[in-house]
Each structure stands twice: as structure tokens, then as C-alpha cells.
Amino acid sequence: MNIHTWHKEAEKKWDGFAPTWAKNSQEMWETGSRKGIIPFFSEHIEAGAKVVDIGCGDGMGSLKLAQAGYAVTGIDLSHVMIEIANGYAYQQPGLSFTQGDFYNLPFKDEEMDAALVINSLEYTGEPLTVMKEIHRIIKPGGYVCFGILGPTAEPRKNFSYRRLIGEDVIMNTMQAWEFEKLALESGWKAVAETGVGKRAVDYSKLGHFSKELKQAVSFMWLFLFQKEGTQ
């Protein structure tokens with residue numbers, strides 16, 4: 001599948017899935033798999049920073065960031081997702097949304113202090129191109145937080161498996177360790193990381209496990225990287 005076709009298929013699938021996603025997103029961000037993301041982000045990035053949420057979906061994560069004191073722009077490929085997200089922008093200062101292409105982000109060079117990219121890089125056909133585009137818009141010394149799905153996370157079964165039977169899919173098969181290597185080779189400096197365990201996984205009991213083994217039982221692995229240089 002070429003990039004143009006991938007792009008259009010991804011947009012179509014996420015437009016169709018948007019209503020279902022929106023019904024579940026608040027639970028994900030408040031008590032589910034995404035509840036630790038904003039605290040992790042806030043540990044390292046000061047309130048008031050100008051942040052872009054890339055792959056913002058229905059905007060719930062962007063709303064949580066804005067409520068934590070950040071100036072947030074959410075961007076998503078799906079116009080249906082953005083229509084839903086705009087409902088949050090009306091009620092929350094410092095929050096806006098736009099539909100856009102991750103390969104050509106609608107921001108100036110070094111415009112943003114930070115970016116949040118949660119489970120969206122996996123849905124791109126050329127992750128390295130997107131990584132370079134994110135690098136372009138972040139200020140020197142700025143940060144980006146990525147969330148990469150674990151190897152057996154349910155979305156991989158839904159969106160990636162069918163490539164094995166010859167169907168076109170909109171999810172690449174990048175694993176957390178592969179992503180980390182890609183990020184480091186793309187000019188990012190590793191700052192922090194943490195895992196989000198699958199249900200019934202207690203990381204406090206896995207202290208002797210290597211990082212790779214912990215990633216193997218993760219639903220998602222969070223990375224924080226910094227763009228080297230000074231502002």
C-alpha cells in the first residue's frame with residue numbers, strides 16, 4: 001500500500017470508528033490504560049508549555065493536558081474525531097483542534113515546546129518521516145512523549161494481524177525496542193520511560209525482569225525524549 005492510499009484508508013477507518021472511540025475515551029484517560037500519561041508528562045514538562053497532541057482522536061487527552069495548564073493544539077487525521085473534539089475546545093481555554101496530516105504538520109519550525117504522540121505513530125506508513133516532522137516543529141531543548149503499543153495489545157490484533165492473510169492494513173508492526181532505536185538514531189535524547197501493564201500484570205513484582213521482558217507484558221510503553229540543543 002502506498003502512502004497516499006494508506007493515508008486515505010486510515011482516515012476512513014478512524015472516521016468510522018470515532019463514535020465508538022469517543023464513548024470509551026474518558027474511561028481510558030481517567031481510570032484505564034491512559035490514566036498515567038498526563039502525570040508522567042507533567043513530571044518533566046512545566047505547565048504553560050505549548051503542546052501539540054498528535055493523533056488526538058476525540059480530544060479527551062488534549063482536554064486533560066489543557067486542564068493541567070498547558071496550551072494545547074490537538075491534530076488528527078479524522079475529521080469526525082476533530083468534530084467531536086471541538087466540543088471540548090468550546091469549554092476549555094487554551095485548547096484548539098485541527099484536522100491534519102502527520103507527514104506535513106501545520107506548524108512553523110521550532111514552534112512547539114512539546115508533543116504528545118500516544119498510539120498514533122503505529123498507524124503511519126513511514127514512521128521515520130513523521131519522526132523527522134515532529135523534530136522539525138519542536139524547539140531545541142523541547143520534549144516529545146510517545147506511547148507505543150505492547151506486542152500483544154488488542155489493537156494489534158484488530159488492525160495489524162490481517163496483513164498475514166494478504167489484506168492491506170493501516171498499522172505498522174513496530175515494537176517498543178524498535179521505536180526506541182529509531183528515535184535515538186533520529187537525533188532524540190532519551191529522558192524517561194515507563195510501562196503500562198496489561199490487565200493482571202503487576203510491575204511492582206517484576207523488578208528483576210529486564211526492560212525487554214517488561215515490555216513483552218505491557219499494553220503500552222511510554223517514552224520521553226528531548227530534542228538536543230538550547231533555546
Side-chain angles (χ1 to χ4, degrees), residues 1 3 6-7 10 13-14 28 33-41 43-45 51-57 61 65 74-77 101-105 112 114-138 141-161 163-164 169-198 201 203 206 209-228:
M1 191 189 308
I3 288 302
W6 183 303
H7 186 110
K13 285 185 181 294
W14 283 110
M28 284 191 291
S33 61
R34 299 188 174 202
K35 66 182 179 181
I37 292 173
I38 305 302
F40 176 74
F41 188 91
E43 283 180 22
H44 304 279
I45 300 160
V51 180
V52 56
D53 183 4
I54 300 172
C56 66
L65 278 174
I75 182 169
D76 201 273
L77 182 63
D101 180 355
F102 300 171
Y103 299 97
N104 295 285
L105 294 169
M112 294 292 176
L116 186 68
V117 190
I118 302 300
N119 300 155
S120 53
L121 196 66
E122 296 97 322
Y123 293 93
T124 63
E126 294 182 356
L128 180 59
T129 300
V130 178
M131 292 283 288
K132 290 178 178 178
E133 183 66 355
I134 296 170
H135 194 275
R136 178 186 68 79
I137 68 169
I138 299 297
Y143 296 89
V144 58
C145 176
F146 289 96
I148 303 297
L149 287 168
T152 60
E154 195 67 24
R156 291 194 183 277
K157 300 176 186 178
N158 295 335
F159 290 100
S160 180
Y161 159 73
R163 77 193 188 283
L164 298 178
V169 298
I170 60 164
M171 175 182 275
N172 64 57
T173 59
M174 178 173 54
Q175 300 296 317
W177 69 267
E178 293 176 308
F179 163 75
E180 182 176 19
K181 184 174 178 61
L182 180 69
L184 294 172
E185 291 180 356
S186 300
W188 294 97
K189 175 185 176 183
V191 174
E193 60 187 299
T194 190
V196 177
K198 299 190 72 173
V201 173
Y203 274 134
L206 303 180
F209 278 32
S210 68
K211 182 172 76 173
E212 289 75 14
L213 287 175
K214 290 178 181 178
Q215 287 177 348
V217 293
S218 70
F219 174 78
M220 171 172 51
W221 202 263
L222 296 175
F223 295 92
L224 188 76
F225 288 96
Q226 185 176 35
K227 180 176 177 177
E228 299 195 72

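Positions are given from 1, in the same order as the sequence printed here.
- For residues 115-124, no residue pair satisfies the salt bridge (Lys or Arg N to Asp or Glu O under 4.0 Å) rule, not counting sequence neighbours.
- For the pair Leu77/Tyr123, no side-chain contact is recorded, criterion being any heavy-atom separation below 4.5 Å from C-beta on.
- With 3.5 Å as the limit, one finds no donor-acceptor pair spanning the side chains of Glu212 and Trp177.
- Remark: Glu43 engages no residue in a salt bridge (charged side-chain N to carboxylate O under 4.0 Å, His left out) (not counting sequence neighbours).
- Here Lys132 pairs with Leu128 under the side-chain contact (heavy atoms from CB on, under 4.5 Å) rule; sequence neighbours left out.
- With sequence neighbours left out, the side-chain contact (heavy atoms from CB on, under 4.5 Å) criterion links Ala190 to Leu184, Phe225.
- Applying the side-chain contact (heavy atoms from CB on, under 4.5 Å) test to Ile138 and every residue at least two apart in sequence or in another chain returns Met112, Ala115, Ile134, Trp188, Lys227.
- A donor-acceptor pair is defined here as one N or O able to donate and one able to accept, closer than 3.5 Å; no such pair exists between the side chain of Tyr103 and the backbone of Thr124.
- Of the inter-residue distances, the one linking Ile37 atom CD1 with Thr194 atom OG1 reads 11.0 Å to the nearest 0.5 angstrom.
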Dump the intermediate steps for side chain to side chain contact (heavy atoms under 4.5 Å, CB included) on Lys13 and Met171, then the final yes or no. CA-CA 11 Å; Lys13 285 185 181 294; Met171 175 182 275; over 6 Å; no
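- With sequence neighbours left out, the side-chain contact (heavy atoms from CB on, under 4.5 Å) criterion links Asn158 to Glu154.
- Under the salt bridge (charged side-chain N to carboxylate O under 4.0 Å, His left out) criterion, Glu178 pairs with no residue at all, not counting sequence neighbours.
- Side-chain contact between Trp14 and Ile170 is present, with heavy atoms from C-beta onward closer than 4.5 Å.
- No side-chain heavy atom of Ile54 sits less than 4.5 Å from a side-chain heavy atom of Val130.
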Test side chain to side chain contact (heavy atoms under 4.5 Å, CB included) on Leu222 and Ile118 and set out the steps. CA-CA 8 Å; Leu222 296 175; Ile118 302 300; 4.0 Å; yes
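- With respect to the salt-bridge test (charged N to carboxylate O, under 4.0 angstrom), the residues Glu180 and Lys211 qualify.
- In this structure Gln215 satisfies the side chain to side chain donor-acceptor pair (under 3.5 Å) test with no other residue, sequence neighbours excluded.
- The distance from atom OG1 of Thr152 to atom NZ of Lys157, rounded to the nearest 0.5 Å, is 6.5 Å.
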Stepwise side chain to side chain contact (heavy atoms under 4.5 Å, CB included) test for Gln226 and Leu224: CA-CA 7 Å; Gln226 185 176 35; Leu224 188 76; over 6 Å; no
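- Asn172 approaches Arg156 most closely through the heavy-atom pair O-NH1, 3.7 Å.
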Are Phe102 and Val117 close enough, and set up right, to give a side chain to side chain contact (heavy atoms under 4.5 Å, CB included), and what steps lead you there? CA-CA 11 Å; Phe102 300 171; Val117 190; over 6 Å; no
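- Scored by the side chain to side chain donor-acceptor pair (under 3.5 Å) test, Glu133 finds Arg136 as partners (sequence neighbours excluded).
- Leu65 CG to Cys56 SG: the interatomic distance, rounded to the nearest 0.5 Å, is 10.5 Å.
- For Phe146, the ring pair (Phe, Tyr, Trp, His ring centres under 6.0 Å) test picks out Phe179, with sequence neighbours left out.
- Shortest non-hydrogen contact noted between Lys189 and Glu228 is CB-CG, 3.8 Å.
- Across every non-hydrogen atom of Met174 and Leu182, the tightest pair is SD-CD2, 4.4 Å.
- Proximity of Phe219 to Pro155: side-chain heavy atoms (C-beta onward) are separated by under 4.5 Å at one or more points.
- Here the closest non-hydrogen pair linking Gly55 and Ser120 is CA-CB, 3.9 Å.
- Heavy-atom minimum distance, Ile45 versus Ala114: CD1-CB, 4.0 Å.
- Considering only residues two or more places apart in sequence or on other chains, Lys198 meets the salt bridge (charged side-chain N to carboxylate O under 4.0 Å, His left out) condition with none of them.
- In this view, Arg163 satisfies the salt bridge (charged side-chain N to carboxylate O under 4.0 Å, His left out) rule with no residue, not counting sequence neighbours.
- For the pair Ser186 and His135, the tightest heavy-atom approach, listed with the atom from each and the gap, is O-CD2, 4.0 Å.
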